[in-house]
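Just follow the structure's listing: the first ligand is 1, and inside any ligand the first atom is 1.
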Amino acid sequence: MAAVTTTEKKTTQVNASKDSYVHISNPHLDNIKEDILYHFDLGTGTHDFPTLFGDVKFVCVGGSASRMKSFSQYIAGELKLGDPSDDIPNICAGTDRYAMYKVGPVLSVSHGMGIPSIAIMLHELIKLLYHAGCTNVTVIRLGTSGGIGLDIGSVVVTSQSVDASFRPQFEQIILGKRVVRCTELDEKLAKELLESSKEINQFNTVIGKTMCTMDFYEGQARLDGAFCFYTEEQKMQYLKEAYDAGIRNIEMESSVFAAMCKLAGLKAAVVCVTLVNRLQGDQITSTHEVLAEFQQRPQKLISHLIKKHLGKSEAS
Ligand code: R2B
Ligand code: URA
């Protein structure tokens with residue numbers, strides 16, 4: 001099947017100011033009277049998007065609903081918009097597909113595991129931001145990953161998301177044809193996140209390529225799944241080749257995240273902590289307490305960056 005490399009058109013809104021709007025590119029939406037964001041249990045006929053979300057400037061997304069709730073509580077404390085122990089209501093309480101929390105200009109949304117799950121969430125999130133008329137939005141995925149050649153607990157800021165063959169692209173079948181999209185992320189934002197890590201000075205952070213796979217076990221060359229038809233040597237050779245190609249961690253959402261944010265004209269970054277060094281093993285053996293502390297690291301980095309952008313850092 002021939003691949004269709006995208007030169008998909010973006011519908012850019014006429015914009016006399018320097019503000020950057022969210023792009024959607026779907027003429028069919030003009031024919032829909034009320035847009036129902038089914039998996040968020042929100043709709044333009046029932047919810048006033050500009051009032052509810054018009055001030056959003058940062059969207060932080062991550063796999064688990066409880067982690068995104070604690071992130072919203074943490075950022076509330078950091079931005080002095082509430083106490084971290086305050087309960088924050090789930091905007092998507094009418095569904096258990098995704099959870100969404102809002103603290104001032106920061107939206108925190110869960111996306112589940114894997115490309116299909118985050119892709120569905122992103123279609124609805126991008127439309128939500130568009131309907132709300134949001135401008136100058138930055139989207140950051142904060143997540144967990146398997147590291148390659150890094151001490152566990154290190155944080156990787158993604159320079160480029162690559163597929164399991166190390167290609168910097170996201171491939172999807174649309175109408176039976178392969179469509180290939182670019183997985184470029186915002187380089188300046190990645191550098192700013194690295195800078196934030198230096199300022200915090202609490203844990204190791206590197207910028208590197210992130211491999212995005214379709215599976216946690218065979219897809220990530222593990223030896224501990226229910227099935228495995230390769231040898232340990234073959235696994236190690238693959239992971240070493242990945243390391244030599246500049247890949248520093250492996251996770252399961254970054255490629256479609258990068259591709260969709262790029263199509264929408266959104267500034268985007270991926271920040272993942274590493275829970276295991278895949279050159280040393282497959283199983284995640286750290287205690288619950290250690291893993292909980294690791295998972296706060298991307299949150300600390302992102303919160304530092306958001307505070308700087310909003311002029312709320314200690315230094316300002
Ligand atoms: C990281 O962790 C999850 C698998 O355990 C997956 O969502 C990912 O990208
Ligand atoms: N998430 C992944 O996708 N892989 C790991 O090894 C750890 C977390």
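- Near V276, meaning under 4.0 Å from one of its heavy atoms, ligand 2 places the atoms 6 (O).
- The I250 neighbourhood of ligand 2 comprises atoms 2 (C), 3 (O), 4 (N), with distances under 4.0 Å to a heavy atom of that residue.
- On a distance-only criterion, Q220 and ligand 2 share at least one N/O pair closer than 3.5 Å.
- Counting the atoms of ligand 2 from 1 in the order shown, those under 4.0 Å from a heavy atom of F216 are 1 (N), 2 (C), 3 (O), 4 (N), 5 (C), 6 (O), 7 (C), 8 (C).
- With respect to atom 5 (C) of ligand 2, the closest heavy atom belonging to the protein is G146 N, 3.2 Å.
- Considering backbone and side-chain atoms alike, R222 places an N or O below 3.5 Å from some N or O of ligand 2.
- Summarising the geometry of F227 relative to E218, their closest heavy-atom pair is O-CG, 3.4 Å, with the distance given to 0.1 Å.
- A side chain to side chain donor-acceptor pair (under 3.5 Å) with R297 is found for one member of Q299, E293, Q295 and no other, namely E293.
- T44 and D35 share no donor-acceptor pair across their side chains, judged by distance under 3.5 Å alone.
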Just the distances, no angles: every ligand 1 N or O to protein N or O pair closer than 3.5 Å, one line each.
unit_1: ligand 1; atom_1: 2 (O); unit_2: T144; atom_2: OG1; d: 3.1
unit_1: ligand 1; atom_1: 7 (O); unit_2: E253; atom_2: OE2; d: 2.6
unit_1: ligand 1; atom_1: 9 (O); unit_2: R141; atom_2: NH2; d: 3.3
unit_1: ligand 1; atom_1: 9 (O); unit_2: M252; atom_2: N; d: 2.8
unit_1: ligand 1; atom_1: 9 (O); unit_2: E253; atom_2: OE1; d: 2.5
unit_1: ligand 1; atom_1: 9 (O); unit_2: E253; atom_2: OE2; d: 3.4

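- Contact atoms of ligand 2 toward M252: 3 (O) (distance under 4.0 Å to a heavy atom of the residue).
- In this structure, NE2 in H309 is found 10.0 Å from NE2 in H304, a value given to the nearest 0.5 Å.
- Taking a cutoff of 4.0 Å between a charged side-chain nitrogen and a carboxylate oxygen, R181 and E171 do not qualify as a salt bridge.
- Distance alone, capped at 3.5 Å, is enough to place a donor-acceptor pair between the S161 side chain and the S255 backbone.
- Remark: R97 is not positioned above the aromatic ring of F40, lacking an NZ or CZ atom under 6.0 angstrom from the ring centre and at most 45 degrees off the axis.
- No part of T213 comes within 4.0 Å of ligand 2, judged by heavy-atom distances.
- Counting only heavy atoms from C-beta outward, the side chains of M214 and M252 never approach each other to under 4.5 Å.
- Per-residue contacts place E251 under 4.0 angstrom from the following atoms of ligand 2 (heavy atoms of the residue considered): 3 (O).
- The CZ atom of R141 sits 7.0 Å away from atom OG of S254, with the distance rounded to the nearest 0.5 Å.
- Here the options are E251, Q220, E253, the test is side chain to side chain donor-acceptor pair (under 3.5 Å), and the partner is T213; only Q220 passes.
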